[in-house]
Amino acid sequence: MKTNQLQHIFFDLDHTLYDFDTNSAKALEVAFNELNLLQRGIALADFLPVYVPINKNLWDLYRDNLISQHELRYRRFKDSFDQLMITIADAEIQQLSDTYINELPNFASLFPHADQVLHELSIKYQLHIITNGFETVQLKKMKQANIQNYFQTITHSESVGYKKPDKRIYEHALRTAQANAHESIMIGDCEIADYSGALNAGMHALLFDPQNSSNLNKKISCLSHLPKILENYSL
């Protein structure tokens, strides 16, 4: 029998709770300094506008199982330098990639109100994470941001073997959380992976859209809106 309120809230991590773009830029600055790229005339301010969309497109390919994790980590830098017509050795790209991955979890900026909202929601609901991000990196991010204790379960595509929006990762997450789909909602920034993927698994879904760029009705632009919306959410 269905209950009259939500019991479980599943969150995406990057671009939803964790301010990936801000933290990524800081990690890249460290990596650029380590390789003395700034001294070689390769400015981060020129690199980022090229790198960010390339990285996003490659993550979409990774999500759709069209490229490997290794290819993603290499090509986001190689393709960016190629577009900027900068020649850089493969060994340097590998060093840059390794440094970036190691440094990224050291930066812990969250979206506005994230910690406050998680605290408030954790009193009433069971909270969970479903992420396509790399497992060790995601765990370090959450620990550095001091939010890991809010979550009852954390589901990583890397360990499950399926990526969002594959229905099976949602089914795995629900089983792990001992949650019914109709009492559960997914909140994330990607219409395909988070919103449509959750709906396909029988869950409810809410898009996090801080730029207000989506035409979906079920969306929020700020995390501070969540408690009231979920309290009045109709199943």
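Numbers here simply count residues along the sequence, with the first being 1.
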Any idea which heavy atoms bring N23 and A108 closest together, and the distance?
-> OD1-N, 3.5 Å
Does the side chain of E231 come within less than 4.5 Å of K124's, by heavy atoms?
-> yes
Any link between Y150 and L226 through a network of hydrophobic side chains (Ile, Leu, Val, Met, Phe, Trp, Tyr) touching at under 4.5 Å?
-> yes
Check: K141/Q144 side-chain N/O donor and acceptor closer than 3.5 Å = no
Would a hydrophobic clustering, with Ile, Leu, Val, Met, Phe, Trp and Tyr connected at side-chain separations under 4.5 Å, put L207 with I187?
-> no
Under the ring pair (Phe, Tyr, Trp, His ring centres under 6.0 Å) test, residues paired with F11 that sit two or more places apart | none
pair M142-L13: side-chain heavy atoms closer than 4.5 Å = yes
Do S196 and N200 get their side chains close enough for a donor-acceptor pair, meaning under 3.5 Å?
-> no
Closest non-hydrogen atoms of Y162 and S157, given as atom of the first, atom of the second and distance, are O-CB, 3.0 Å
Salt bridge (Lys or Arg N to Asp or Glu O under 4.0 Å) contacts touching residues 170-180 (sequence neighbours left out) | K167-E171
Quick one: pull up CD in Q83 and CD1 in I54 and give me the separation to the nearest 0.5 Å.
-> 4.5 Å
Can you tell me if CD on Q39 sees more than 12 non-hydrogen neighbours from other groups inside 6.0 Å?
-> yes
The reported gap from CG in L230 to NE2 in H204 (rounded to nearest 0.5 angstrom) is 11.0 Å
Decide yes or no for H15 and D21: does some side-chain heavy atom of the first lie under 4.5 Å from some side-chain heavy atom of the second?
-> yes
Going through the distances and angles, do I42 and L84 end up as a side-chain contact (heavy atoms from CB on, under 4.5 Å)?
-> CA-CA 10 Å; I42 305 175; L84 289 166; 5.7 Å; no
Between E158 and Q69, do the side chains contain an N or O donor and an N or O acceptor separated by less than 3.5 Å?
-> yes
Listed once per pair and sorted, the salt bridge (Lys or Arg N to Asp or Glu O under 4.0 Å) pairs that draw on residues 98-116, sequence neighbours left out | none
Got a sec, which pairs hit ring pair (Phe, Tyr, Trp, His ring centres under 6.0 Å) with one end in residues 43-93, sequence neighbours left out?
-> F32-F47, F47-Y51, F47-F81, Y51-F77, W59-Y62, W59-F134, Y62-F134, F77-Y100
Donor-acceptor pair, side chain of T99 and main chain of L96, under 3.5 angstrom = no
Criterion side-chain contact (heavy atoms from CB on, under 4.5 Å) on L17 and I129, from CA distance to verdict | CA-CA 10 Å; L17 298 172; I129 289 283; 4.0 Å; yes
Close side-chain approach of R168 to V160, heavy-atom, < 4.5 Å | no
Heavy-atom check, side chain of F111 versus side chain of V117, under 4.5 Å | no
Does the side chain of N55 reach to within under 4.5 Å of the side chain of V52, using non-hydrogen atoms?
-> no
Nearest heavy-atom approach of A177 to F10 is CB-CZ, 3.9 Å
Would you mind reporting whether E34 and Q95 have side-chain heavy atoms less than 4.5 Å apart?
-> yes
Which atoms form the tightest heavy-atom contact between T22 and S109, and what is the distance?
-> CG2-OG, 4.0 Å
Atom CZ in R75, atom CG in D82: separation rounded to 0.5 Å?
-> 10.0 Å
Euclidean distance, K164 NZ relative to T155 OG1, rounded to 0.5 Å | 10.0 Å
Closest approach of A145 and L110, non-hydrogen atoms and distance?
-> CB-CD2, 3.8 Å
Are L58 and L104 grouped together when hydrophobic residues (ILVMFWY) are joined by side-chain heavy atoms under 4.5 angstrom apart?
-> yes
One should read off an interatomic distance between E29 CD and L38 CG, to the nearest 0.5 angstrom, of 7.5 Å
Can you give each donor-acceptor pair under 3.5 Å made by side-chain atoms of residues 215-224, sequence neighbours left out, with the distance rounded to 0.1 Å?
unit_1: K218; atom_1: NZ; unit_2: Y233; atom_2: OH; d: 3.3
unit_1: K219; atom_1: NZ; unit_2: N212; atom_2: OD1; d: 2.8
unit_1: K219; atom_1: NZ; unit_2: S214; atom_2: O; d: 2.4

Decide whether I185 and F208 are clustered together by the hydrophobic rule: side chain heavy atoms of Ile, Leu, Val, Met, Phe, Trp, Tyr closer than 4.5 Å, transitively.
-> yes
NE2 (H128) and CG (L174) are apart, to the nearest 0.5 Å, by 8.5 Å
Hydrophobic cluster identity match, L6 and I130, side-chain contacts under 4.5 Å | no
Does L118 reach the side chain of F151, with side-chain heavy atoms less than 4.5 Å apart?
-> yes
Please name the pair of heavy atoms, one in A193 and one in C190, separated by the smallest distance, quoted to 0.1 Å.
-> N-SG, 3.3 Å
Pairs touching residues 51-66 that satisfy salt bridge (Lys or Arg N to Asp or Glu O under 4.0 Å), sequence neighbours left out = K56-D60, D60-R63
